S.K.: 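Quick one: the structure is below, questions incoming.
Nothing here was measured: the structure is a model prediction, and the numbers come from that model. Residue numbers start from 1 in every chain, and the chains themselves are labelled A, B, ... in the order their sequence lines are given, proteins ahead of strands.
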Protein chains: 2
Amino acid sequence: MKEDLYEAMGRLGLRRTVSRMLILGILAEKDTHLSVLRLHQMVTASHPMVNLSTVYRNVAAMTEHGVLHSVEHTGQALFGLAATPHHHLICERCGRLDEVPADELSQAAALLLTAHGFEIEPAGQLLRGRCRRCRHAANGAR
Amino acid sequence: MKEDLYEAMGRLGLRRTVSRMLILGILAEKDTHLSVLRLHQMVTASHPMVNLSTVYRNVAAMTEHGVLHSVEHTGQALFGLAATPHHHLICERCGRLDEVPADELSQAAALLLTAHGFEIEPAGQLLRGRCRRCRHAANGAR
DNA sequence: TTTCGTGCAAATGGTTTGCAGTGGC
DNA sequence: GCCACTGCAAACCATTTGCACGAAA
């Protein structure tokens, strides 16, 4: 998987720099979406000289080339590998981010297209709500 | 409808100030969602002394009390009347924002709940994609 | 008259950019 | 060696906040 990404970078004309490899490694290992700040913190843990703006430019470039994708939560962008087409479920209470395969929402997408002429992005949508754990935790407090 | 809002404000303990009435009037008339900056521009057209931060605080207070609701697009918040429960369809190309009654997506919501234990917000979701016009306009260019 | 709301100006915080130097290819 | 990439520092821009005054209730 990391090999795929490594290849992809070259194929897309993106240079394989230290900082980019670190970012991909982190995202592949953690298998989540992270903010630029958190990515930078994790990168600098081993490579302190890497600048924050470099991380910004890296994720921008890789997002532009489809290697990464991003969603926005509370005014900041979260980046993850764009591997398989999926949407995002973010818990408004704990911030947990889950993924749901894109085709699970294809029926809803079809409905919107026929009823409204609107074609939603086939992946990368952000849906806000409550995760299972927080729903249970809030049962009494509601 | 504006009378309802007027009443609601009092009931909720929100003072009916000039700036708030102007904001509600604009949103009711235009029947769309507007950015704070645009709201401020329209308010100051007739009342130049109203400060931008007042508009910020107004929409914040009214959103908090359920009179308004907001969605975020390209790093800025758009506010609209929270009248009927609906979701949002925003065109990534032209920025046009359409509304879709909340119950049209209830099936998808049920699916997410059973399959992922995740309960999405029953209204106010933002779905990104292409509106009918832009789909047609882009037919040749894709 | 008691809060709540407002104007003003300054601060905040995530993100972007200009520029000169560095390192992939 | 060329040009994309990087570090640094400053700029940006939507939004927030502290404070003293003004106005709904």
S.K.: Looking only at side-chain N and O atoms, does B/Asn58 come under 4.0 Å of OP1 or OP2 in C/dT6?
M.R.: yes
S.K.: Side chains of A/Leu126 and B/Leu126: does their closest heavy-atom pair fall under 4.5 Å?
M.R.: no
S.K.: If you round to the nearest 0.5 Å, how far is CG of B/Leu39 from CD1 of B/Ile26?
M.R.: 6.0 Å
S.K.: So, the side chain of B/Arg130 versus the backbone of A/Phe118: is there a donor-acceptor pair under 3.5 Å, distance only?
M.R.: no
S.K.: Check each residue of residues 64-80 of chain B for a non-hydrogen atom within less than 4.0 Å of any atom in DNA chain C, then write out the ones that pass by number, or none.
M.R.: none
S.K.: Can you hop from A/Leu78 to A/Ile23 via hydrophobic side chains spaced under 4.5 Å?
M.R.: no
S.K.: What string of B, S and - do you get for nucleotides 20-25 of chain C, 5' to 3', if B is base contact, S is sugar-phosphate-only contact and - is no contact with any protein heavy atom under 4.0 Å?
M.R.: ---BBS
S.K.: Is it true that a side-chain atom of B/Ser106 and a backbone atom of B/Ala102 form a donor plus acceptor pair closer than 3.5 Å?
M.R.: no
S.K.: Would you indicate, yes or no, if D/dA14 has its OP1 or OP2 atom less than 4.0 angstrom from a side-chain nitrogen or oxygen of B/Ser35?
M.R.: no
S.K.: Please determine if A/Arg128 and A/Glu92 form a salt bridge, counting it only when a charged side-chain N lies under 4.0 Å from a carboxylate O.
M.R.: yes
S.K.: Send over the distance from B/His40 NE2 to C/dG7 C1', rounded to a whole Å.
M.R.: 10 Å
S.K.: With a 4.0 Å cutoff (strictly under), does any side-chain N or O of A/Asn51 reach OP1 or OP2 of D/dC8?
M.R.: yes
S.K.: Return the nearest nucleotide to the side chain of A/Met49; candidates are C/dG7, D/dG7, D/dC5.
M.R.: D/dG7
S.K.: Is there a donor N/O on one and an acceptor N/O on the other, under 3.5 Å, for the side chain of A/Arg38 and the base of C/dG14?
M.R.: no
S.K.: Would you say the side-chain atoms of B/His87 and B/Glu121 include a donor-acceptor pair closer than 3.5 Å?
M.R.: no
S.K.: Nearest to the A/Ser53 side chain among C/dT16, C/dG5, D/dT15, which nucleotide is it?
M.R.: C/dT16
S.K.: Just by modelled atom types, is the B/His40 backbone N or O under 3.5 Å from a matching donor or acceptor in the B/Thr44 side chain?
M.R.: yes
S.K.: Between B/Gly10 and A/Ala61, which residue's closest nucleotide on DNA chain D lies nearer the 5′ terminus?
M.R.: A/Ala61
S.K.: The helix from C/dG5-D/dC21 to C/dC25-D/dG1: angle between its terminal axes, five pairs each, to 10°?
M.R.: 30°
S.K.: Using atom CG of B/Leu52 as one end and atom P of C/dG7 as the other, report the distance to the nearest whole Å.
M.R.: 10 Å
S.K.: Counting only side-chain N and O atoms of B/Tyr56, is one of them less than 4.0 Å from OP1 or OP2 of D/dT16?
M.R.: no
S.K.: Can you tell me how far C1' in C/dT1 sits from the matching atom in C/dG5, rounded to whole Å?
M.R.: 16 Å
S.K.: Which of parallel (below 30°), tilted (30 to 60°) and perpendicular (above 60°) describes A/His69 and A/His33?
M.R.: parallel
